[in-house]
*Asks:* 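Would you mind keeping the following structure in view while I ask a few things?
For ligands, and for the atoms within them, numbers begin at 1 and follow the listed sequence.
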Amino acid sequence: MNVDQIILNLEKKHPGEKEYLQAVKEVLESIEETYNENPQFETAGIIERLIEPDRVITFKVPWSDDEGNIHVNLGYRIQFNNAIGPYKGGLRFHPSVTLSILKFLGFEQIFKNSLTTLPMGGAKGGSDFNPKAKSKSEIMRFCQSFMLELWHNIGADTDVPAGDIGVGGQEIGFLYGMYKKLARKHTGVFTGKGLNWGGSLIRPEATGFGNVYFAKEMLQTIGESFKDKTVSISGFGNVAWGATRKATEFGAKVVTLSGPDGYIHDPDGISGEKIDYMLELRATNEDIVEPYAKAFKSARFFPGKRPWEANVDIALPCATQNELNADDATDLVNNEVICVCEGANMPCTPEAIEIFHNNKILFGPGKAANAGGVATSGLEMTQNSMKIGWTREEVDNKLHQIMRDIHHACQTHGKQNNGYVDYVKGANIAGFLKIANAMLDQGLV
Ligand code: NDP
Ligand code: 2IT
């Protein structure tokens, strides 16, 4: 495999899709050696077939606001690969959404879902719709219009969407309601559903909990734990909330959270009622974290800054892609951070990851470290198929075990001769082998 040539060709076909090219390049570079050791992959054209989505569905989403003004947004679903199970992955509603961002997310999802050991293919979708400052009825009308187009393409055994940035329980409810009306079926076609209508316990917490479980496994390899460590977390959404809760439960002190307006530093730790306050902040539908500093006197707000300048032992980036760059990585290393574990998808730039690797910092890539969300979605699908509901404890134990297994798979494929584990390499190889072998078994389709 000639990675540079493949990327060059891909760039020619898809000019300007920088996040997608970034994600593909990272995977190809780390699986190159394994790929070349298996000439059957090259003969079957596995890479060329894997890096292009099976199909890209795009549509317009017209909706009217509360004043009767008409708006038109773009809607997408990228069905990337279904070699090991139905297409599976979240929907993102955010004004920054582009085809490139959804293709990178869909591509990453293939490997992440493979790592969970559950039968799920990779997909992603969403819209450039901005749910911020919209009324509940505007969000409902948007979701209904979005589903009018998408419903033909999804199904419990075909493609199962879920949440992501800007899509939480409320949006899944509106989307599912419209699907149910159109399809005249009540099936497990979404995950992240409400508990009364097919949802799973622990799903809301799962990504953040899983992220901390994964970091715990990494820390154990150097005889460390979360106990008495300081932790910086970015974002204040679903993933950040779950990670803050679990890290606090494990005895750590979470000292930051952030939004596009800046970050909060709270040296007393974000625990108890302060974690509940994160939910209130989200519910205000505003784009800011600053009110936290007004509500809790121990906190200081740093406008326009990112939390990576804070002096911490562990960093969990939980907001969005490319939010931690080389300068931020250098700040963290200078402050003697021991572990960086991605809760978001691709939050660290390639240059930042290189700095962590060069300094032998424990680094957990998102496709492994945030797989707990989709893994629990897989558990929700299983419960729907069996028409039963597991207890909180049952789901949490299964999630914990899955994260341990993913960590083990990363170690198996990522351990270097000097003992340092390259988790990026480990996750990419472990995820890739299962998909590539499934594609080989199924012929040229
Ligand atoms: P939410 O919408 O709940 O939260 C996203 C958070 O990131 C918000 O606090 C948001 O603030 C903040 N944010 C968005 N853009 C920026 C930015 N440019 N700078 C700083 N902060 C920003 O989404 P989730 O918590 O669900 O998702 C967070 C990340 O985790 C994403 O990368 C997502 O792909 C990933 N992920 C999510 C999973 C899930 O199950 N939900 C599973 C695995 C990964 P604001 O909204 O105010 O802009
Ligand atoms: O990025 C992700 O893994 C998610 N947003 C969750 C996807 C899912 O199907 O649960």
*Asks:* Would Arg203 count as a contact of ligand 2 if the rule is a heavy atom under 4.0 Å away?
*Replies:*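 In this structure, Arg203 qualifies as a contact of ligand 2 - some heavy atom is under 4.0 Å.
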
*Asks:* Can you tell which of Gly166, Gly237, Gly210 gets a heavy atom nearest to atom 4 (O) of ligand 1?
*Replies:*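 The option holding the nearest heavy atom is Gly237.
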
*Asks:* So is there a nitrogen or oxygen of Asn345 less than 3.5 Å from a nitrogen or oxygen in ligand 2?
*Replies:*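 Yes, Asn345 has an N/O under 3.5 Å of an N/O on ligand 2.
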
*Asks:* Out of all atoms in ligand 2, which are within 4.0 Å of some heavy atom of Ser377? Include the element for each.
*Replies:*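 Every atom of ligand 2 under 4.0 Å from some heavy atom of Ser377: 8 (C), 9 (O), 10 (O).
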
*Asks:* Which of the atoms of ligand 1 are close to Gly259, meaning less than 4.0 Å from one of its heavy atoms?
*Replies:*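 Selected atoms, number and element: 20 (C), 21 (N).
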
*Asks:* Specify side chain, backbone, both or neither for Cys318, according to which of its non-hydrogen atoms lie closer than 4.0 Å to ligand 1.
*Replies:*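 The answer is the backbone of Cys318.
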
*Asks:* For the aromatic rings, using the six-membered ring if either is Trp, is the centroid distance between Phe104 and Tyr20 under 6.0 Å?
*Replies:*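 That pair fails the under 6.0 Å test.
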
*Asks:* Mind checking whether Phe432 and Phe111 have parallel, tilted or perpendicular rings, split at 30° and 60°?
*Replies:*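 Answer is parallel, since the angle falls under 30°.
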
*Asks:* Closest heavy-atom contact between Pro131 and Phe93?
*Replies:*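 Answer, listing the atom of Pro131 first, then Phe93: CD-O, 3.5 Å.
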
*Asks:* Does at least one non-hydrogen atom of Glu108 fall below 4.0 angstrom from an atom of ligand 2?
*Replies:*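 So Glu108 does not count as touching ligand 2.
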
*Asks:* Under the criterion side chain to side chain contact (heavy atoms under 4.5 Å, CB included), I'd like the reasoning laid out for Lys25 against Val27: C-alpha separation, chi angles, the key distance, then a yes or no.
*Replies:* CA-CA 5 Å; Lys25 188 161 188 254; Val27 169; over 6 Å; no

*Asks:* Heavy atoms only: which of Thr191, Asn211, Ile165, Asn130 is nearest to atom 5 (C) of ligand 1?
*Replies:*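 It is Ile165 whose heavy atom sits nearest to atom 5 (C) of ligand 1.
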
*Asks:* Answer yes or no on whether Lys124 is positioned over the face of Tyr87, meaning its NZ or CZ is under 6.0 Å from the six-membered ring centre and within 45° of the axis.
*Replies:*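 Relative to the ring axis of Tyr87, which defines the angle, Lys124 lies outside at least one limit.
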
*Asks:* Between Gln109 and Asn345, does any side-chain donor sit less than 3.5 Å from a side-chain acceptor?
*Replies:*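 Distance-only check fails for Gln109 and Asn345.
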
*Asks:* Cut-off 3.5 Å, side chains only: do Asn73 and Ser127 have a donor facing an acceptor?
*Replies:*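 No pair is found: no donor N or O on one side chain lies under 3.5 Å from an acceptor on the other.
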
*Asks:* Below 4.0 angstrom from a heavy atom of Ala162, which ligand 2 atoms are there? Numbered from 1 as shown, please.
*Replies:*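 Near Ala162, the atoms of ligand 2 are 8 (C), 9 (O), 10 (O).
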
*Asks:* Ignoring hydrogens and geometry beyond distance, is a side-chain donor-acceptor pair present between Thr320 and Glu323 at under 3.5 Å?
*Replies:*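 Per modelled atom types, Thr320 and Glu323 side chains form no pair under 3.5 Å.
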
*Asks:* Side chain to side chain donor-acceptor pair (under 3.5 Å): which pairs involve residues 167-184, sequence neighbours left out?
*Replies:*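 Qualifying pairs, neighbours excluded: Tyr176-His186.
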
*Asks:* Quick one: does Thr320 get an N or O within less than 3.5 Å of an N or O on ligand 1?
*Replies:*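 The answer is no, given that Thr320 and ligand 1 share no N or O pair closer than 3.5 Å.
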
*Asks:* So if I count the atoms of ligand 1 from 1 in the order they appear, which ones are less than 4.0 Å from some heavy atom of Phe236?
*Replies:*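 Contacts of ligand 1 toward Phe236, numbered from 1: 9 (O), 11 (O), 47 (O).
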
*Asks:* At a non-hydrogen distance cut-off of under 4.0 Å, which region of Asn370 contacts ligand 1 (side chain, backbone, both, or neither)?
*Replies:*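 For Asn370, the contact with ligand 1 is made by both the backbone and the side chain.
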
*Asks:* With a heavy-atom distance limit of 4.0 Å, tell me whether Glu323 approaches ligand 1 through its side chain, its backbone, both, or neither.
*Replies:*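 Answer for Glu323: neither.
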
*Asks:* For ligand 2, which atoms, with element, lie under 4.0 Å from some heavy atom of Lys124?
*Replies:*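 Answer for ligand 2: 1 (O), 2 (C), 4 (C), 5 (N).
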
*Asks:* Touching ligand 2 at all, Arg92? Heavy atoms, strictly under 4.0 Å?
*Replies:*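 No, Arg92 has no heavy atom closer than 4.0 Å to ligand 2.
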
*Asks:* For Met346 and ligand 1, answer yes if some heavy atom of the residue is under 4.0 Å from a ligand atom, otherwise no.
*Replies:*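 Met346: no contact with ligand 1 (<4.0 Å).
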
*Asks:* Just say parallel, tilted or perpendicular for the rings of Phe214 and His407, cut-offs at 30° and 60°.
*Replies:*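 Correct class here is perpendicular.
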
*Asks:* Distance under 4.0 Å to a non-hydrogen atom of Arg92: what atoms of ligand 1 satisfy this?
*Replies:*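 With Arg92 as reference, the close atoms of ligand 1 come out as 31 (C), 32 (O), 33 (C), 34 (O).
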
*Asks:* Please identify which atoms of ligand 1 are closer than 4.0 Å to at least one heavy atom of Lys132.
*Replies:*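 Reading through ligand 1 atom by atom, the close ones are 45 (P), 46 (O), 47 (O), 48 (O).
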
*Asks:* What do you reckon, are the aromatic ring centroids of Phe301 and Tyr263 less than 6.0 Å apart?
*Replies:*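 For Phe301 and Tyr263, the ring centres are not under 6.0 Å apart.
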
*Asks:* Identify the two heavy atoms, one from Thr349 and one from Asn325, that lie closest to each other, and give their separation to 0.1 Å.
*Replies:*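 Heavy atoms only, the tightest pair is OG1-CA, 3.5 Å.
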
*Asks:* Nearest to atom 7 (C) of ligand 2, what protein heavy atom do you find, and at what distance?
*Replies:*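 It is Gly90 N, 3.6 Å.
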
*Asks:* Just which atoms of ligand 2 are under 4.0 Å from any heavy atom in Lys112?
*Replies:*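 By the 4.0 Å cutoff, the relevant atoms are 1 (O), 2 (C), 3 (O).
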
*Asks:* What atoms of ligand 2 come closer than 4.0 angstrom to any heavy atom of Gly163?
*Replies:*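 Listed by number with element, the hits are 4 (C), 5 (N), 6 (C).
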
*Asks:* Give me the residue, atom name and distance of the protein heavy atom closest to atom 9 (O) of ligand 2.
*Replies:*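 Residue, atom and distance for the closest contact: Lys88 NZ, 2.6 Å.
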
*Asks:* Looking only at heavy atoms of Arg306, does any of them come nearer than 4.0 Å to an atom of ligand 1?
*Replies:*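 It does not; every heavy atom stays at 4.0 Å or beyond.
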
*Asks:* Return each pair, listed once, that meets side chain to side chain donor-acceptor pair (under 3.5 Å) where at least one residue sits in residues 140-150; pairs must be two or more places apart or across chains.
*Replies:*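 Pairs touching residues 140-150 that pass the test: Asp66-Arg141.
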
*Asks:* Polar contacts were defined as any N/O atom of the residue lying under 3.5 Å from an N/O atom of the ligand; does this apply to Arg282 and ligand 1?
*Replies:*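 N/O-N/O distance below 3.5 Å exists for this pair.
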
*Asks:* Going by distance alone, is a donor N or O of one side chain under 3.5 Å from an acceptor N or O of the other, for Glu138 and His71?
*Replies:*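 No, because no side-chain N or O of Glu138 sits under 3.5 Å from a partner of the opposite role on His71.
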
*Asks:* Taking only heavy atoms of Gly235, which atoms of ligand 1 are found under 4.0 Å from at least one of them?
*Replies:*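 Per the distance check, 9 (O).
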
*Asks:* Classify the contact between Thr207 and ligand 2 as side chain, backbone, both or neither, using a heavy-atom distance cut-off of under 4.0 Å.
*Replies:*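 Near ligand 2, Thr207 shows nothing, with every heavy atom at 4.0 Å or more.
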
*Asks:* Does only the side chain of Met278 get under 4.0 Å from ligand 1, or the backbone, or both, or neither? Count heavy atoms.
*Replies:*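 No part of Met278 comes within reach of ligand 1.
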
*Asks:* Determine, stepwise, if the pair Val189 / Trp151 fulfils side chain to side chain contact (heavy atoms under 4.5 Å, CB included).
*Replies:* CA-CA 10 Å; Val189 69; Trp151 82 278; over 6 Å; no

*Asks:* Classify the ring geometry between Phe363 and Phe356 as parallel (under 30°), tilted (30 to 60°) or perpendicular (over 60°).
*Replies:*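 Rings of Phe363 and Phe356: parallel, as their planes differ by under 30°.
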
*Asks:* Please state which option from Ile288, Asn345, Asn322, Asn238 has its nearest heavy atom closest to atom 3 (O) of ligand 1.
*Replies:*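 Heavy atom nearest to atom 3 (O) of ligand 1 belongs to Asn238.
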
*Asks:* Quick one: which of Cys348, Pro350, Pro365 gives a side chain to side chain contact (heavy atoms under 4.5 Å, CB included) with Val424?
*Replies:*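 Among Cys348, Pro350, Pro365, the one that satisfies the side chain to side chain contact (heavy atoms under 4.5 Å, CB included) with Val424 is Pro365.
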
*Asks:* Geometry only, no angles: is Gly373 polar-contacting ligand 1 at N/O separations under 3.5 Å?
*Replies:*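 So ligand 1 has no N or O lying under 3.5 Å from an N or O of Gly373.
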
*Asks:* Any nitrogen or oxygen of Lys124, side chain or backbone, less than 3.5 Å from one on ligand 1?
*Replies:*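 Among all N and O atoms of Lys124, none is under 3.5 Å from an N or O of ligand 1.
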
*Asks:* Would you kindly specify which portion of Gln321 sits under 4.0 Å from ligand 1, judged on non-hydrogen atoms: side chain, backbone, both or neither?
*Replies:*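 Under 4.0 Å from ligand 1, Gln321 contributes no heavy atoms.
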
